[in-house]
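First comes the structure, then the notes that go with it.
For clarity, every value in this text was computed on a predicted model and none was experimentally measured. The sequence lines fix the lettering, A, B, ..., with proteins before strands; numbering per chain opens at 1.
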2 protein chains.
Amino acid sequence: MKRLKIPDVTVHRLSDYARILDQFDGEGIRIVSSDVLAARCGLNPAQIRKDLAYFGEFGVRGVGYHVGELKENLKGILGVTHAWRVALVGAGNLGSALAAYQGFLTHGFIITAVFDKYPEQAKLPPNGRFPKILGVDRIKAEIRRRGIQIGIITVPAEAAQGVAERLVSAGISGILNFAPVRLRVPKHVKVRNVDLGSELESLSFFLSKQGGAPS
Amino acid sequence: MKRLKIPDVTVHRLSDYARILDQFDGEGIRIVSSDVLAARCGLNPAQIRKDLAYFGEFGVRGVGYHVGELKENLKGILGVTHAWRVALVGAGNLGSALAAYQGFLTHGFIITAVFDKYPEQAKLPPNGRFPKILGVDRIKAEIRRRGIQIGIITVPAEAAQGVAERLVSAGISGILNFAPVRLRVPKHVKVRNVDLGSELESLSFFLSKQGGAPS
DNA sequence: TGTTGTGAAGTCGTTCACAGCT
DNA sequence: AGCTGTGAACGACTTCACAACA
């Protein structure tokens, strides 16, 4: 086992592996080879072995990997053996949807607080299982009080940097940012950007090249 | 101007450049150097020059780039000089929010049709500006009739592959996929995946390494 | 025998450094 | 003099190919 910087792409693939192993597990498959796993991910088998090699030796030569065992190992590596508490800032359309979106729960992330600049005006999630929406001025206090570790930013671009600073000063060091801006944060803070506009523009680019010009 | 394969990362950066040039434009800045632009993006200046060099020579040596001109050029390259018509499949929490989300419009993407397996049960967007939700069985006919070019998939993982196939058979060749599965599509079809769970797991990984273990 | 784990080779994207223009 | 455009150097990630081994 080596102590190296892990490439971002590797971490993302680890997520994929874990999800696919879950499926195999559900199908009653006990052992997989890197070949089979690679086919399911659309990757080269050596890629998988190299990714895993960053963290140890999980396979059995001549046999393959034990599905359940590898899955548990991956969960441990990803840090999702226990749930993380998440704060969501910006309860507009997108933010409210994420708060209501079940998808996160299965991955071990619990939205524990929701903040908005105008808590009264915020669009409420369709069901009532979510915490009351609080003003952004309460970010620092509530995040500390509730032991929240991850922040999701779904405010307009202009407000994103300010929110990021509040989150950081509240002690958060992981941010999932949906605003189309590059946040400036201390280097101990990890930011992942999700820019839906940019994703669509990327599709637009490829479609244009193929002659499928827009209306 | 060369005819090469453009790296995906380059296309994404072009989006960034276009957005930042828009900001400069708004600030009344007429000329930028690759240095200034790079600083704003957090990149190396040579990176920007290389990215642009895939498509032509847009700058003036000894001077820099004309903001408005470069911006228009980038929009042309990205294919966003005219609006694209988009279909959204899956009107659950996430899908409804995207339908209601204004962010796309500014980028020149118009959600022209929304489909769901159970159109009556689907959560309606908060405002009434959006098309009636149609059954997934009408995908092919409606997409063709309305000349839709891009599909967004926000259905559960199990349903995503089937939806992708319907979209492709309707003639769509660009898909933005929010379901956590690798879609199998013909190679003329471009798929961009947005996996929110995986993004959070990636944050989880980095937080765990830093000792900020979850609850 | 079959499949892992891994050094070496290969590929692709980034950064350097400077020639070429304005 | 200053900044772009670009070949060459570099670095990072991927794939190959095979030794190690159950």
Holding to salt bridge (charged side-chain N to carboxylate O under 4.0 Å, His left out), I want the full list of residues that pass it with [X], two or more places apart in sequence or in another chain.
X: B/Glu142; answer: B/Arg138, B/Arg145, B/Arg146
X: B/Arg192; answer: A/Glu199, B/Asp8
X: A/Arg61; answer: none
X: A/Glu27; answer: A/Arg40

Subject >> SB check B/Asp16 A/Arg182 (cutoff 4.0 Å) >> reply: yes

[atom1] of [X] versus [atom2] of [N]: gap in Å, rounded?
X: B/Lys5; N: C/dC12; atom1: NZ; atom2: P; value: 7 Å
X: B/Glu57; N: C/dA19; atom1: CD; atom2: P; value: 18 Å
X: B/Phe55; N: D/dG5; atom1: CZ; atom2: P; value: 14 Å
X: A/His66; N: C/dT3; atom1: NE2; atom2: P; value: 14 Å
X: A/Ile48; N: C/dT6; atom1: CD1; atom2: P; value: 16 Å
X: A/Asp8; N: C/dG13; atom1: CG; atom2: C1'; value: 15 Å
X: A/Asn73; N: C/dG5; atom1: CG; atom2: C1'; value: 16 Å
X: B/Leu52; N: D/dC3; atom1: CG; atom2: P; value: 16 Å

Subject >> Which residues share a side chain to side chain donor-acceptor pair (under 3.5 Å) with B/Ser15, sequence neighbours left out >> reply: A/Glu201

Subject >> Partner residues of B/Ala39 under the side chain to side chain contact (heavy atoms under 4.5 Å, CB included) criterion, sequence neighbours left out >> reply: none

**OP:** With sequence neighbours left out, write down each residue that passes side chain to side chain contact (heavy atoms under 4.5 Å, CB included) with A/Gln161, or none if nothing qualifies.
**Re:** A/Glu165, A/Leu183, A/Arg184

Report all interatomic pairs (protein N or O, nucleotide N or O of nucleotides 20-22 of chain D) with separations under 3.5 Å.
unit_1 : atom_1 : unit_2  : atom_2 : d
D/dA20 : N3     : A/Arg61 : NH1    : 2.9

Got a list of side-chain donor-acceptor pairs under 3.5 Å for residues 28-38 of chain A, not counting sequence neighbours?
unit_1  : atom_1 : unit_2  : atom_2 : d
A/Ser33 : OG     : A/Asp35 : N      : 3.4
A/Ser33 : OG     : A/Val36 : N      : 3.2
A/Ser34 : OG     : A/Arg49 : NH1    : 3.0

**OP:** Take B/Phe58 and A/Asp51, find for each the nucleotide of DNA chain D with the closest heavy atom, and name the residue whose nucleotide sits nearer the 5' end.
**Re:** B/Phe58

**OP:** Would you jot down, in residue-number order, the residues of residues 21-41 of chain A having a non-hydrogen atom under 4.0 Å from DNA chain D?
**Re:** none

Original post:
Which heavy-atom pair separates B/Lys190 from A/Leu203 by the least distance, and what is that distance?
Top reply: O-CD2, 3.5 Å

Subject >> N/O (side chain, B/Tyr65) to phosphate O (OP1/OP2, D/dG5) under 4.0 Å >> reply: yes

Side chains of residues 63-73 of chain A: which donor-acceptor pairs under 3.5 Å do they make with residues two or more places apart or in other chains?
unit_1  : atom_1 : unit_2  : atom_2 : d
A/Lys71 : NZ     : A/Asp22 : OD1    : 3.0
A/Lys71 : NZ     : A/Asp25 : OD2    : 2.9
A/Asn73 : ND2    : A/Glu69 : O      : 3.2

Could I get a table of every N or O pair under 3.5 Å where one atom is in the protein and the other is in nucleotides 15-18 of chain D?
unit_1 : atom_1 : unit_2  : atom_2 : d
D/dT15 : O4     : A/Lys50 : NZ     : 3.0
D/dC16 : OP2    : A/Asn44 : ND2    : 2.9
D/dA17 : N6     : A/Arg49 : NH2    : 3.1

